[in-house]
Each structure stands twice: as structure tokens, then as C-alpha cells.
Visitor: 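I am attaching a structure below and will ask some questions about it afterwards.
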Amino acid sequence: MVLPSVVEPCDFTVFGGTGDLALRKLLPALYLRDRDGQLPEGFRVIGVSRAEADDEAYRVMVRDALTQHVRPQDLDEDVVGRLLGRLHHVTLDIEEIGDWHLLHARLKEGAPGEDVIRVFYLAVAPALFGAICQHLDEVGLVTERSRVVLEKPVGSDLASARAINEAVGRVFDESSIFRIDHYLGKESVQNLLVTRFANTFLEPLWNSRWVDHVQITAAETIGVGERGAYYDRSGALRDMVQNHLLQLLCLVAMEPPTYVDRETVRDEKLKVLQALRPMTPELVDRDVVAGQYGVGLCDGSPARAYVDEVDGPSDTETFVALRTEVQNWRWAGVPFYLRTGKRMPERVSEIVVVFKEPPHAMFPHSEGPTEPNRLHIRVQPDEGMQLHMTAKEPGPGGIRLRPVSLDLSYEGAFGTRSPDAYERLLMDVVRGNTTLFMRRDEVEAAWTWVAPILDHWSRPTHRPRRYPAGTDGPAAATTLIERDGRSWQETA
Ligand code: BG6
């Protein structure tokens, strides 16, 4: 196994340091990197929040979070102690300039020097991104070696995304802005690039001549839980489609870059976003389905309706299914079907590339069914790939055709745990590598494409279709694909 390289000392400051994302994802990820020896002496983590907590109280809170969110077999008391020793907490009210000076003083105190790498991770509402950057600049915390991380969503529509990008861009150079989409840090998503471009056999087939259509699914069993206040203003289109699903689509559809670096990969993804068929009100009505879960059974337990979770009437969608096309030479006429939802029967994210039928059916149908070849790329859980093909059933008495699959499980092949996406991405931030982060033009292109859907859904008559929790979404999602003579691939 290749050992990860130790990063440089850094002051890793998390705004929203006591929030859900920090406690559930960021601090466990830093713990695991510390456990694997990637954090050097002098690497400090500073949680910033409005909470009146001193360093000790924050350490208690983080210890509790690690116990909850790190697998017991990965918890090592010595490493927990070491990580807690790196932790500090600063209470800050954004409006209070005195608090910013305090933050400045805390960061100066004990820092190895003015040129220490400073990461400012903004795990807070996007409306605060601009103001935080401005204050950081005013108190002199931004240097050549400072980087800012923007949690998604960047904005809630094109105009707000542009305003945020402008405001953050006044303080940080684009090369120091890390717009995070954690799907890009998933091992299986990075492997998609390798599968496509480090092998030769797929590329000749990867086009409209041989591919019938592509399906991309990100299904979750959870509801909105404690995140109702955020989610109800967002919905599945902003929360999942505008970023995670479109990023997956880009990686499936992009042209091979000349080499892998921060600009070439992002240039190719941008071209895909720009080639997506623009939505019109007619297309939204025809090709986009919004759903919202009602009561039902999920994971074997009764699940509440979305409106009960957010405590009130709401037309926010918790499910989206849509059909689009990439209007370029490679993909002309190939539908891409995307769907995502909460309170689905299974937690699964998967890309399925469905190939065309063989041009000539030389085996009589009476001797067995044939199914088109399909490549399933399993993003999570059980990361891996399956190639579904047709084989002859062994034995005499004529040729009987049977579907079979070639299975690749990453865990089976490599015998190792896939790190959480945040582990990889946080280290990339410290190293200054923006390849797996979204560039400004990508984010804005994605918002440009979803804008007509948001506009059309903002009409007072728009209502998402109800579906019972624990089911595959509204019937209209099935109709969307079946009217093209196709069907959703089983993900379970
Ligand atoms: C986040 C969304 O970006 O991704 C959540 O805000 C969603 O609503 C989550 O649950 C899904 O991530 P993962 O890694 O569990 O598929």
C-alpha cells in the first residue's frame, strides 16, 4: 500500500465548526488523515462558530462526534488525543469586528510564521461567503498561501452564484478558491476517469453509435432529518442535481483531456455542461418530474411525510427525475436520464451505460432472451463495476442464451477501505490542488442549465407529485423513461 505523503503545517479554520458538516464529516476526515500519519506537527484545526465554547468544551464536543461518526475499529485513543490537541475554538459573530481581531490574534498565536498555509473552510450558509471573505481580508488574514473552501451549494440560482463568486473573487484568486462537490472525492468517481481513459476497450464504444442511453441515479433512504431549514429552501434540484448529478454526467460524457491537471479536466467538463440541451418550459413539463415523499415504510420502519418533518405545508421537491441530451458529435441523440430522491427503498448511487442491441440477431429468439449489454458503475455502496452480457448456457441441445455479468468489486480486488471523499479533498486543499473542485465557470454553467427548471417551478401552480416514503418515486418518473421504450435499471 502506498503511504500518503505528509502535508505541510497548516492552520485549518472551519467556519461552522460546531455544525453538522464539521462534526459529521470534516473532523472525522481530519482524524483519519491524522491516524494515517498525514498531518504534521504544527497542523492546527480552529473551529469558528457563535457558540460560547472554549477550547476544552470544543474538544469534548469533537470527541463525542468522533465516537459517533468514526467506525469503532478505526478509533485509536492516542490519535484521538493527538487530534484534540490540535483543536481550538473561536467564538465569532460575523457582525462584530472585535471578534475578527480576536480570530486574527488566535491564528497569530503560536503560528510557525506569516507564510503558514491558511485554509478557511466555509461550512456555513452561502449568503455569508462574501462577508466572511471580506472580513478575513480586512483583518489581514489572507496571504498568498491562504485558500478558501466553499461548501455547496454556491448560491441558490445563477444570480446569487455570480454575486458570491464576485465577492469571493475580490479577495481570493481563482486558484485559491476550492468549490467543493464531495462526489468528486469519491474513489469510484475518480475511478471513472481511469476506467474510461486508462483502458482502450471502452473508448471506441463510448458514443452514440453504440450507446443507447445513460442512467445516473443517486438514491438515499434518509429523509431530511435535522436539515429541514436548509433543505426546504433548496430541494433536490439544487441540492443534488445542479452539482453531484451533473458532475457525474460530465465525467461520463467528457472528451479525453490531453493530460490530467486542474485546468484540462475542468475545461472538458465545462464543454459538456455547455452542450446540455437547454430546457424550455415545454421540455420541463415533458422531461422533468418533481416528487415529494409522503408517509410510508423506509428501511423497515414507518417514515414521516416530508411536510411533517419540515413542520408545515411545502412544495419543495425531494425527488427529481429528468431526461436530457448532450448536444455534441459524440452524444447526439443519446438520452441521459438522471434521478435522485430521498426516502427511496435503497441507498445507492450508480451510473448505467446501456449499449445498443447487436445489429443483427443471429440467434433465434425461441432459444433464450437477449438483453443489451450494460455497464453498471457503482458509486456507492459496494463500489465496483458490472458488465452485463449474454453467454451460452452450458450443455448440449442447441444454443440457449443467458444473461451473465462480469463483476468487479473494489474491496475484493484491492482489499482496502475506500476513504471518505472528504479525506481526499481536504488534503487536496492543503496541497493547493484544485483539480477535483468546481471552477467558477462550471458552477455558473450548471446554474444556467437548471435556471429554466427553477423558473418554471416557481409558478404558484407548480406542485411536486407525492410518493410514499420507501418507494421509487412518483409514477411519472417511470412514465418519463418508459415512453421512450426504456426502463430504469434495478439498482437494488
Ligand atoms: C449532500 C446533500 O451534498 O449530499 C445531501 O446536501 C445528501 O442532501 C448528500 O444527503 C449525499 O451524499 P452521499 O455522499 O451520502 O451520497
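Just follow the structure's listing: the first ligand is 1, and inside any ligand the first atom is 1.
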Visitor: Is the closest basic N to carboxylate O distance between R35 and D76 below 4.0 Å?
Guide: no

Visitor: Taking NZ, NE, NH1 and NH2 as the nitrogens, is one of them in R440 or E166 under 4.0 Å from a carboxylate oxygen of the other?
Guide: yes

Visitor: What are the polar N/O contacts of ligand 1 with the protein below 3.5 Å, with distances?
Guide:
from	atom 1	to	atom 2	distance (Å)
ligand 1	3 (O)	K152	NZ	2.7
ligand 1	3 (O)	H244	NE2	2.7
ligand 1	4 (O)	H244	NE2	3.4
ligand 1	6 (O)	K152	NZ	3.0
ligand 1	6 (O)	R227	NH2	2.9
ligand 1	6 (O)	D239	OD1	2.6
ligand 1	6 (O)	D239	OD2	3.3
ligand 1	8 (O)	R227	NH1	2.8
ligand 1	8 (O)	D239	OD2	2.6
ligand 1	8 (O)	K342	NZ	2.8
ligand 1	10 (O)	E220	OE1	3.3
ligand 1	10 (O)	E220	OE2	2.5
ligand 1	10 (O)	K342	NZ	3.1
ligand 1	12 (O)	H182	NE2	3.1
ligand 1	14 (O)	H182	NE2	2.8
ligand 1	14 (O)	K186	NZ	2.6
ligand 1	15 (O)	R347	NH2	3.4
ligand 1	16 (O)	Y183	OH	2.7
ligand 1	16 (O)	Q380	NE2	2.6

Visitor: Under the salt bridge (charged side-chain N to carboxylate O under 4.0 Å, His left out) test, which residues partner E482, sequence neighbours left out?
Guide: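 Partners of E482 under the salt bridge (charged side-chain N to carboxylate O under 4.0 Å, His left out) test: none.
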
Visitor: Closer than 4.0 angstrom, basic N to acidic O: yes or no for K25 and D20?
Guide: no

Visitor: Kindly write out the residues that satisfy salt bridge (charged side-chain N to carboxylate O under 4.0 Å, His left out) with E268, not counting sequence neighbours, or none if the list is empty.
Guide: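 E268 satisfies salt bridge (charged side-chain N to carboxylate O under 4.0 Å, His left out) with K271 only.
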
Visitor: Residues in salt bridge (charged side-chain N to carboxylate O under 4.0 Å, His left out) with R463, at least two apart?
Guide: D315

